[in-house]
Amino acid sequence: MKVRNVLKYSYTELIDLFERDFPGIAQAAKECGDWRDFEGFLKEYIRATLIRRPSPLSIRRFFRMFVNRSRYIHDFSTGEKIRYEPIKWLWEALRGEAMDIHRDFLIDRYFLFKQYQDSFDVLPSSEQSKSWRKRWKVGIDEDVSCERRENRVRICQLLIGKIERRNKMNSRYRFTPEMEDGEKRGLIDEWWKDYKFHLSMAIRDPDELNLFLDNTLSDKTMDILHDAKLKGIPFFVTPYYLSLLSIKERGYDDSTIRSYVIYSRELVVHFGHIQAWEKEDVVEAGKPNAAGWLLPNSTNIHRRYPEVAIFIPDSMGRACGGLCALCQRMYDFQKGHLNFNLERLKPVEGWERKMERLMTYYEYDSQLRDILITGGDALMSQNSTLEKILDAVYQMAVRKIETNKYRVKGKKYAEIQRVRLGSRLLAYLPSRIDDGLIDVLKRFREKAVHAGIQQFFIQTHFESPLEITEEVVQAVRRLLDAGWIITNQLVFTVAASRRGHTARLREELNKIGVLTYYTFSVKGFGENYALFAPNSRSEQEVKEEKVYGQLSQELENEVLKILEQPELLNPGLARLLDKYDQPFLATDRNVMNLPGIGKSMTFVTVGLTKEGKRILRFSLDVNRRHSPGVDNIGDIYIVENKSIAAYLRQLEELGEDVEDYFSIWHYSEGQTEARFALFEYSRQYTGITGDFTNLIVES
């Protein structure tokens with residue numbers, strides 16, 4: 001039975017399908033007078049089916065998904081109590097007595113039984129995997145570059161009009177009255193290389209967005225965007241990033257990057273009521289967060305793990321180069337803490353003293369050795385501001401070393417080993433990587449090495465190979481030459497989850513010297529419904545596509561060796577791939593950020609809602625340390641925010657052949673991958689205390 005056909009079936013047609021393909025089950029449902037009798041029948045049915053193909057794993061999987069004695073779970077993300085009775089619902093549905101059950105519930109159950117009836121090869125061939133990868137265009141492809149040059153001509157002409165309309169309002173980017181059109185265009189071409197020009201000219205209104213996209217947005221989309229503006233959702237898209245989108249009817253497929261700047265109806269509906277998915281980001285004065293950590297405030301320092309705490313400065317770093325539609329800190333934009341009022345975000349008097357106080361949190365914490373400076377976006381801070389932030393980090397790291405000299409063995413505090421700057425500007429605005437920034441990064445690295453800091457990362461976010469342009473290639477090379485390793489975090493949206501897309505991104509990033517770090521599942525709250533891809537698809541991607549990038553021990557050793565000199569990564573990584581005849585390096589982990597708990601992809605499917613949404617029971621990632629406050633948290637249940645069937649329909653709307661995804665129904669459990677060695681914390685000298693500071697574990 002073709003998947004595409006089943007997805008379109010009505011409720012009645014699905015019952016007919018059960019009667020045709022599983023007549024014994026359909027008949028038993030009608031004959032059993034009580035759903036518990038039907039449950040007993042199903043147990044024997046599955047045992048008899050598996051006698052022909054013995055599989056203890058399949059038996060366990062079936063009983064977890066279908067015959068779960070607990071009828072209630074608490075959704076860890078929402079706190080809601082969820083009732084689920086999958087066998088009772090199937091019994092009622094097949095008897096025609098439960099019209100409130102969504103047809104996606106029946107579709108999921110149909111394919112569950114199909115697993116036991118048919119066998120299929122899960123792993124596609126390397127040639128098939130390659131063909132999926134090669135479907136996707138790259139930003140440096142000539143036909144893509146050609147269209148974008150046309151986009152730039154059109155956008156620059158519009159920018160001339162925009163500047164003329166606001167000439168008196170802007171003293172930096174303006175024309176004089178006697179300028180000819182050619183002179184104006186020459187100035188625009190020169191300003192295009194200046195990242196501040198793009199920030200100054202960013203699109204902040206739906207109608208202006210449509211104008212700069214040559215009025216190609218549909219009426220339906222414009223209605224959503226106008227409602228978004230009324231709701232208070234910010235718009236901020238730079239001319240550079242808009243030039244990456246295709247406006248041609250038969251242009252390249254830009255769905256992945258377009259979904260970052262075009263908001264969904266669900267986001268508009270939920271904006272104003274969005275909560276922090278990361279429960280640990282909710283902080284009350286004097287109380288520990290969800291992971292047990294005491295923090296100075298709710299805005300500047302965020303923490304989940306013992307070794308690392310995020311630092312968000314009170315600077316322009318609280319803005320971004322654009323608002324991603326699925327931003328994990330959308331709740332902070334909602335309350336205005338993160339925003340695009342760039343002038344108002346410049347550091348105020350007294351900020352440096354406040355920053356010094358915040359640095360003492362790291363200095364006097366017994367376990368912290370990794371600081372991730374982000375926001376917003378770390379590189380939105382001006383060079384002078386960023387240098388002051390990094391200098392404060394350096395001074396703190398030095399003081400931590402000096403203080404340790406007076407602590408006895410076994411009582412010493414962990415020292416700072418890793419500094420990371422979180423930024424999407426490499427994709428949104430690569431011209432930000434200017435001479436001044438490179439000088440700041442070089443100076444900091446040179447002195448920080450003497451303070452025991454060993455790793456310097458730019459932690460960036462490319463979502464699509466279409467974001468890799470010539471400007472990006474140059475920016476990456478400059479950062480590598482400055483001694484900073486670049487790692488990428490991808491969010492596994494519906495568009496990004498299409499066959500081969502993420503693998504192609506890994507391939508193209510490796511070619512320019514960027515390592516992949518995480519592939520994140522989208523958080524499951526309602527505002528992200530349009531973008532969420534089920535975790536079963538993430539597992540499918542690992543097993544069927546990412547598998548061709550697995551590193552042998554020999555290759556891993558060579559990669560680690562070259563990482564000692566970041567300036568060799570481009571073209572060093574590409575040469576290693578050629579040497580080992582490998583398409584890419586699978587150095588990232590596919591994970592989901594669990595609220596308050598951390599990253600994991602260790603789960604089993606234990607049930608199904610009436611809407612066909614899978615209920616997953618997660619376990620902590622055993623590959624890393626966690627806060628003692630969550631070590632014994634117990635069962636972690638997450639209800640996915642859409643059914644697999646609904647997800648496949650979205651793929652079909654994007655032009656995908658859903659038969660390519662048939663095996664997705666097979667993936668009902670997952671195991672968190674081991675971390676690539678570079679991302680493990682190196683062992684510090686003996687004598688570090690095992691005691692925790694800034695921690696309260698509530699019983």
Side-chain angles (χ1 to χ4, degrees), residues 130-156 189 192-193 195 198 237-248 250-261 321-322 423-434 438 458 460-481 484-490 495-496 498 500-516 549 566-578 582-585 588:
K130 181 178 180 180
S131 70
W132 283 330
R133 292 197 305 275
K134 296 307 177 185
R135 295 190 302 157
W136 304 109
K137 290 285 187 180
V138 184
I140 55 178
D141 290 345
E142 181 51 37
D143 58 336
V144 176
S145 297
C146 180
E147 183 174 343
R148 287 172 171 177
R149 286 192 291 270
E150 295 173 5
N151 288 345
R152 179 172 161 180
V153 170
R154 185 191 73 258
I155 289 172
C156 285
D189 286 341
W192 188 270
K193 305 169 190 174
Y195 81 95
H198 290 273
V237 191
T238 63
Y240 167 82
Y241 201 75
L242 272 186
S243 75
L244 305 188
L245 273 60
S246 175
I247 62 167
K248 293 185 177 180
R250 297 185 179 275
Y252 50 85
D253 185 339
D254 66 357
S255 303
T256 306
I257 56 178
R258 183 172 287 258
S259 65
Y260 265 52
V261 298
S423 175
R424 181 155 157 73
L425 287 189
L426 267 76
Y428 266 151
L429 202 52
S431 57
R432 172 65 184 98
I433 315 305
D434 58 14
I438 294 300
I458 303 292
T460 192
H461 173 189
F462 286 95
E463 186 70 5
S464 167
L466 283 173
E467 293 175 323
I468 300 173
T469 63
E470 290 295 346
E471 295 94 328
V472 167
V473 174
Q474 295 171 16
V476 166
R477 185 175 288 115
R478 299 193 74 188
L479 289 169
L480 294 176
D481 287 344
W484 288 68
I485 293 171
I486 306 170
T487 62
N488 191 63
Q489 297 185 155
L490 161 81
R498 289 174 290 179
H501 189 279
T502 298
R504 182 62 184 270
L505 179 60
R506 294 185 187 102
E507 185 176 20
E508 295 303 318
L509 287 175
N510 286 169
K511 286 179 182 177
I512 64 174
V514 178
L515 288 175
T516 52
E567 65 273 16
L568 300 180
L569 287 169
N570 183 1
L573 285 185
R575 288 173 178 166
L576 281 180
L577 292 174
D578 287 341
Q582 189 155 314
F584 56 86
L585 304 173
D588 57 307

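Computed from heavy atoms alone, side chains included, the values below leave out hydrogens, waters and symmetry copies. If you're wondering where the values come from, they're calculated on a predicted model, not measured in any experiment.
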Does a donor on one side chain sit under 3.5 Å from an acceptor on the other, for [X] and [Y]?
X      : Y      : result
Tyr252 : Arg148 : yes
Tyr428 : Ser423 : no
Thr460 : Gln489 : no

Quick check, are the ring centers of Trp132 and His501 under 6.0 angstrom apart?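 Here the rings of His501 and Trp132 have centres that are no less than 6.0 Å from each other.
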State plainly whether the residues [X] and [Y] are in salt-bridge range, i.e. N to O under 4.0 Å.
X      : Y      : result
Glu463 : Arg258 : no
Asp434 : Arg478 : no
Arg424 : Glu467 : yes
Arg154 : Glu150 : no
Glu142 : Arg149 : yes

Pairing residues for Tyr260 by the ring pair (Phe, Tyr, Trp, His ring centres under 6.0 Å) criterion, not counting sequence neighbours: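 Tyr260 satisfies ring pair (Phe, Tyr, Trp, His ring centres under 6.0 Å) with His461 only.
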Phe584: ring pair (Phe, Tyr, Trp, His ring centres under 6.0 Å) partners, not counting sequence neighbours: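 Once residues adjacent in sequence are excluded, Phe584 has no partner under the ring pair (Phe, Tyr, Trp, His ring centres under 6.0 Å) criterion.
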First locate atom [atom1] of [X], then atom [atom2] of [Y], and finally report the distance between them rounded to the nearest 0.5 Å.
X      : Y      : atom1 : atom2 : value
Ile140 : Glu471 : CD1   : CD    : 11.0 Å
Arg504 : Lys130 : CZ    : NZ    : 10.5 Å
Leu245 : Ser255 : CG    : OG    : 9.5 Å
Leu573 : Leu509 : CG    : CG    : 10.5 Å

Quick one: do Asp143 and Glu147 satisfy side chain to side chain contact (heavy atoms under 4.5 Å, CB included)? Show the steps, please. CA-CA 6 Å; Asp143 58 336; Glu147 183 174 343; over 6 Å; no
I would like to know whether Trp136 and Asp253 meet side chain to side chain contact (heavy atoms under 4.5 Å, CB included); could you show each step before the answer? CA-CA 8 Å; Trp136 304 109; Asp253 185 339; 3.9 Å; yes
Contact between [X] and [Y] at the side-chain level, heavy atoms closer than 4.5 Å - yes or no?
X      : Y      : value
Ser431 : Trp192 : no
Gln474 : Pro430 : no
Leu505 : Thr516 : no
Val138 : Val144 : no

Donor-acceptor under 3.5 Å ([X] side chain, [Y] main chain):
X      : Y      : value
Asn488 : Phe462 : yes
Ser243 : Arg152 : no
Thr487 : Val514 : no
Asp254 : Leu244 : no
His198 : Tyr240 : yes

Is there a side chain to side chain contact (heavy atoms under 4.5 Å, CB included) between Leu490 and Asp588? Walk through the geometry before answering. CA-CA 9 Å; Leu490 161 81; Asp588 57 307; over 6 Å; no
Would you please name every residue forming a side-chain contact (heavy atoms from CB on, under 4.5 Å) with Leu577, sequence neighbours left out?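 With neighbours one apart ignored, the set is Asn510, Gln582, Leu585.
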Going through the distances and angles, do Val476 and Leu426 end up as a side chain to side chain contact (heavy atoms under 4.5 Å, CB included)? CA-CA 8 Å; Val476 166; Leu426 267 76; 3.8 Å; yes
